[in-house]
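Remarks on the structure that follows.
Since this is a predicted model, take the numbers as computed values, not measurements.
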Amino acid sequence: SEYLRGTVIYVGIESGSDRLLDAVGRPCLFHESVESIKKLIDRGIRVYVYLLHGLPGERPEDVEETVKAIDILRSIGVERIVLYRFTPLPRTAFEDASRPSAAVKDPIRRILYEKVKEFNTKSKYRILGRVLKAVVASRYRGFRQLIAYPLTHGPVVIVEGSEKLIGAVVMVKIVDVISDRLVRGEIVSVLRRVINVK
């Protein structure tokens with residue numbers, strides 16, 4: 001952290017259920033991951049967390065434990081949660097396991113999906129008013145709307161401006177939360193161009 005303060009680290013917790021983590025052979029339980037994350041955050045490292053749904057042997061109560069775990073992750077300062085669906089991979093212990101249905105199609109897992117979405121939306125409000133350095137990458141949907149990506153991780157930022165800004169590094173003030181993945185920003189200044197757009 002002495003040299004990488006502010007860097008994002010992704011931590012694969014996978015589940016909030018110790019029973020399930022033990023059953024699939026994870027090397028640490030949920031509370032041990034929480035203690036490690038606290039240490040990272042205390043030292044200025046930003047933490048994003050991976051969760052999985054549909055792991056082999058997952059029960060409804062395991063999903064419920066993971067839903068409860070999200071409040072703990074929020075309370076210790078985790079910035080973002082990425083929810084993945086389990087996929088069996090060749091030459092692994094679970095290569096013959098079946099792939100679960102999408103979270104939105106399963107009544108129990110949909111609760112988890114919605115809780116993660118709510119977590120990610122609420123976490124965006126912590127950066128309202130903050131000024132970030134970002135690169136303008138491309139057009140968005142509407143006229144004069146552009147997509148900018150923060151240089152030090154963070155949500156996708158929608159800004160207004162001319163296509164001539166594509167390829168520029170800008171300072172952007174975050175002014176609104178659009179969704180769990182998008183925020184709206186206002187360009188404060190243009191620092192430099194990183195590519196030439198014809």
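With contacts defined as side-chain heavy-atom distances shorter than 4.5 Å, the pair Arg130/Lys173 does not qualify. Side chains of Ile111 and Val63 form no contact here, defined as non-hydrogen atoms less than 4.5 Å apart. Using a 4.5 Å cut-off on side-chain heavy atoms (C-beta onward), Tyr149 and Val156 make contact. Side-chain atoms of Ile13 and Phe30, non-hydrogen and from C-beta on, do get closer than 4.5 Å to each other. By the 4.5 Å heavy-atom criterion applied to side chains, Leu182 and Tyr140 are counted as neighbours.
Salt bridge Glu118/Lys122: present, at least one basic N to carboxylate O contact under 4.0 Å. Salt bridge annotation for Glu114-Arg110: present, with a cationic side-chain nitrogen under 4.0 angstrom from a carboxylate oxygen. Between Lys39 and Asp42 there is no salt bridge, since none of the side-chain N atoms of the basic residue sits less than 4.0 Å from a carboxylate O of the acidic one. Using a cutoff of 4.0 Å between basic side-chain nitrogens and carboxylate oxygens, Glu79 and Arg126 are not scored as salt-bridged.
Side chains of Asp62 and Ser17: a donor on one and an acceptor on the other come within 3.5 Å.
Across all their heavy atoms, Ser101 and His53 have their closest contact at O-CE1, 3.5 Å.
Formation of a donor-acceptor pair under 3.5 Å by the Thr92 side chain with backbone atoms of Pro88 is not found in this model. In this structure, the side chain of Arg26 does not engage the main chain of Asp18 through any donor-acceptor pair within 3.5 Å. The backbone N or O of Glu64 lies less than 3.5 Å from no partner atom in the side chain of Lys68, so there is not a single donor-acceptor pair. Side-chain N or O atoms of Arg5 include one that pairs as donor or acceptor with a backbone N or O of Arg43 at under 3.5 Å.
Within 6.0 Å of atom CZ in Arg181, 12 or fewer heavy atoms from other residues, nucleotides or ligands are found, so the atom counts as exposed in its surroundings. Shown here is Glu65, whose CD atom has more than 12 heavy atoms of other residues, nucleotides or ligands within 6.0 Å. By the neighbour-count criterion of 12 heavy atoms within 6.0 Å, atom CZ of Arg99 is densely surrounded, having more than that number from other residues, nucleotides or ligands.
With sequence neighbours left out, Tyr84 forms a ring-ring contact (aromatic ring centres under 6.0 Å, His included) with Tyr50.
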